[in-house]
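The structure under discussion appears below in the form of structure tokens.
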Amino acid sequence: MTHRAPLSRKLSAIAESATLKVDAKAKALQAAGRPVISYAAGEPDFATPAFIVEAAAEALRDPANFRYTPAAGLPVLREAIAAKTARDSGLDVAPSQVIVTNGGKQAVYQAFQAVVNPGDEVLLPAPYWTTYPEAIALADGVPVEVFAGADQEYKVTVDQLEAARTERTTVLVFVSPSNPTGAVYTAEETRAIGEWALEHGIWIISDEIYQNLVYEGTRAVSIVEAVPEVAGQTILVNGVAKTYAMTGWRVGWMVGPADAIKVAGNLQSHLSSNVNNIAQRAALSALSGPQDEAESFRVAFDRRRRLIVEELSKIDGVVVPNPLGAFYVYPDVRGLLGRTWGGVTPQTSLELADLILERAEVAVVPGEAFGPSGYLRLSYALGDDALLEGVTRLQELFAAAD
């Protein structure tokens, strides 16, 4: 009997998204009747604004939207994205330098495919979003983690990057505001990193999907605004998912130099062709329409941010750096490890997350999903009542060690 040929070794080595895995487990428990509160998914609990939904409904009445359109995106949407990039990232680009993608995740994937060659080393500041190392591996690159802990507010320095650089380093991942930490680099920190990358000819993939979700008067300064000269070696990735509560619409984009966008566009022409035209029309409405509701979302996130930081900080053994962007808090929980809670002594944040789910019926994502153990990620993009109830359960669980 002839044995079947093996599966792809490359794809077999790719891990499932840890955040989606935890969220799926929480939803399964909820469906089974357990009162689980989940901080796992990075998904706003708000409904997509009605004017955006109406734009999609209107698009359904136009038969032109039922046909193939340019693989790189509707020209009118690419123009709107170019205008947003100029407004929020300080970079003037032609619409031809924009590709509309199926969510920000496809933009991330294509960005690495465009600039990474086999064996290239990609500097990956940690804690990092779970998809980055897998997307790097899919491009045959080698992720090189550069860790910054709570004492650095989870922000790497130029000295750390330089210490990790080798002759094989070709790409740097830069994310501000950060998923999973909510950290926002200052303009000065951003400029220093941009100038360092420019000096060494290193590509930058800058994920800006949370750039409009910032607090306490903070502004997320784009690296291409801080160092305009670095635009020729930078790809920006972004999307409507987080700012406009449009996670399920799957519209993102990438912006970059013409040559990088051309090769990424060629890839997309074979990979997926155009993004759903109805969703593109909705995204156009989001970017060009009134921003009042998006601002109300941001204000609500800010209120929740302050609440969760205050309440988590009351737990002995938990250190909570103040996140100034996105909608995540990333507490250092090493002070809880090695202690016994309800007869269980967790030694890692993975074991701690399991304990929390079992004893408190609260779902959190362990630090192992984003880098070193000893941390937890909690999304505060959930309702106010559920947010407070979940933290109260954690306070009760960790009120006293055995």
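One-based numbering along the sequence shown.
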### Message
Against L307, only a single residue in V391, L387, D384 fulfils side-chain contact (heavy atoms from CB on, under 4.5 Å); can you say which?
### Response
L387
### Query
Just how far is it from atom OH of Y109 to atom CG of N102, taken to the nearest 0.5 Å?
13.0 Å
### Task
Hey, could you give me each pair passing salt bridge (Lys or Arg N to Asp or Glu O under 4.0 Å) that has a residue in residues 320-346? Not counting sequence neighbours.
D316-R339, D332-R334
### Message
Counting only heavy atoms not in D385 (residues, nucleotides, ligands), do more than 12 fall under 6.0 Å from its CG?
### Response
no
### Query
Taking the six-membered ring for Trp, are F297 and F327 ring centroids under 6.0 Å apart?
no
### Message
Does this structure show an ion pair linking E162 with R165, if we count only N-O contacts that are shorter than 4.0 Å?
### Response
yes
Donor-acceptor contacts under 3.5 Å from residues 83-91 side chains, at least two apart:
unit_1 : atom_1 : unit_2 : atom_2 : d
K84    : NZ     : D88    : OD2    : 2.6
K84    : NZ     : Q211   : OE1    : 3.1
K84    : NZ     : N212   : OD1    : 2.9
T85    : OG1    : I81    : O      : 2.8
D88    : OD2    : N212   : ND2    : 3.3
S89    : OG     : E208   : OE1    : 2.7
S89    : OG     : Q211   : NE2    : 3.3

### Task
Among W129, Y375, Y210, find the one that has a ring-ring contact (aromatic ring centres under 6.0 Å, His included) with Y328.
Y210
### Query
Just wondering, are more than 12 heavy atoms of other shown residues or ligands nearer than 6.0 Å to OH in Y68?
no
### Query
With a 3.5 Å cut-off and no angle check, do the side chains of R305 and N322 form a donor-acceptor pair?
yes
### Message
Looking at A94, is its backbone amide N or carbonyl O close enough to the side chain of Q97 to form a donor-acceptor pair, meaning the two atoms are under 3.5 Å apart?
### Response
yes
### Cationic N near anionic O, under 4.0 Å, R191 to E195
no
### Message
Looking at E153, I'd like to know if its CD atom is crowded, meaning that more than 12 non-hydrogen atoms belonging to other residues, nucleotides or ligands lie closer than 6.0 Å.
### Response
no
### Distance (rounded to the nearest 0.5 Å) between T392 OG1 and I37 CD1
8.5 Å
### Message
Apply side chain to side chain donor-acceptor pair (under 3.5 Å) to residues E121 and T166 and explain how you reach the verdict.
### Response
CA-CA 8 Å; E121 292 182 352; T166 73; 2.7 Å; yes
### Non-hydrogen side-chain atoms of L161 and L172 separated by less than 4.5 Å
yes
### Task
Check the pair N179, K242 against side-chain contact (heavy atoms from CB on, under 4.5 Å), reporting the backbone distance first and the verdict last.
CA-CA 11 Å; N179 174 8; K242 312 299 184 177; 5.8 Å; no
### Task
Go through the structure and list residues passing side chain to side chain donor-acceptor pair (under 3.5 Å) with W249, not counting sequence neighbours.
T48
### Message
Determine whether a donor-acceptor pair (N or O, by modelled atom type, separation under 3.5 Å) exists between the side chain of S12 and the backbone of R9.
### Response
no
### Side-chain donor or acceptor of Y185 paired with backbone N/O of V156 under 3.5 Å
yes
### Message
Tell me every residue that passes salt bridge (Lys or Arg N to Asp or Glu O under 4.0 Å) with R61, counting only those two or more places apart in sequence or in another chain.
### Response
E54, E58
### Query
Which distance, rounded to the nearest 0.5 Å, do you find between the CZ of F301 and the OH of Y380?
8.0 Å
### Message
To the closest 0.5 Å, what do you measure between CG (L388) and CD1 (I308)?
### Response
10.0 Å
### Query
Aromatic ring centroids of Y154 and Y330 under 6.0 Å?
yes
### Task
Please list, chain by chain and in numerical order, all residues satisfying salt bridge (Lys or Arg N to Asp or Glu O under 4.0 Å) with K314, sequence neighbours excluded.
E311
### Message
Taking salt bridge (Lys or Arg N to Asp or Glu O under 4.0 Å) as the definition, give me every residue that meets it alongside E361, ordered by chain and number, with sequence neighbours left out.
### Response
R34
